[in-house]
Amino acid sequence: MVYRFTINDRGGDSARLTAEAVILHAGTDRAEPAVSVRITGGAQSRLIYIPLDRLEELVTGIRDTARQAAADFRQGPRSV
C-alpha cells in the first residue's frame, strides 16, 4: 500500500509526501515492518524509514504540533 499527499502553495510550488509499507532487513533474522516516508520538494528529496513500533510516536508528535499551530494562530497569525 502507498499513501501520497501533495500540497501546492499559492506561489505555484508543491511538495509531496509518499509513505509506503516496507520490510527493513528483509530475509534476515532482524527483519521488521516499517514505513518509508519520502518528502519531495522541487529538486530535493529526503527518505526516512520509521519502524512500526515508533510510528504512533511520530503521528502523535505531528498531531500535537498541529494543535499548537492552531492555538498559536487563534492568538494571532504569524508568518514563517
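All figures in this text were calculated on a predicted structure; none of them were measured in a lab. The analysis underlying the following values was restricted to heavy atoms, covering all of them including side chains, and did not include hydrogens, waters or symmetry mates.
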To the nearest 0.5 angstrom, please state how far the [atom1] atom of [X] sits from the [atom2] atom of [Y].
X	Y	atom1	atom2	answer
Tyr49	Glu32	OH	CD	12.5 Å
Asn8	Arg16	CG	CZ	10.0 Å
Ile62	Glu57	CD1	CD	11.0 Å
Arg4	Glu20	CZ	CD	7.5 Å

With clusters defined by side-chain heavy atoms of hydrophobic residues (ILVMFWY) lying less than 4.5 Å apart, directly or transitively, does [Y] cluster with [X]?
X	Y	result
Ile39	Tyr3	yes
Ile50	Leu52	yes
Leu24	Ile48	no
Leu17	Val2	no

> Will you find, in the side chains of Gln68 and Asp64, an N or O donor that is under 3.5 Å from an N or O acceptor?
Replying inline: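 Result is no, nothing qualifies.
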
>> Take a 6.0 Å sphere around CG of Leu47 and say whether it holds more than 12 heavy atoms from other residues, nucleotides or ligands.
In response: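 Yes.
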
> Of the non-hydrogen atoms in Ile23 and Pro33, which two are nearest, and what is the gap between them?
Replying inline: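 Looking at all heavy atoms of both residues, the shortest contact is CD1-CA, 4.0 Å.
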
> Looking only at heavy atoms, what is the nearest atom pair of Pro51 and Ala34, with distance?
Replying inline: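 Taking every non-hydrogen atom into account, CA-CB, 3.9 Å.
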
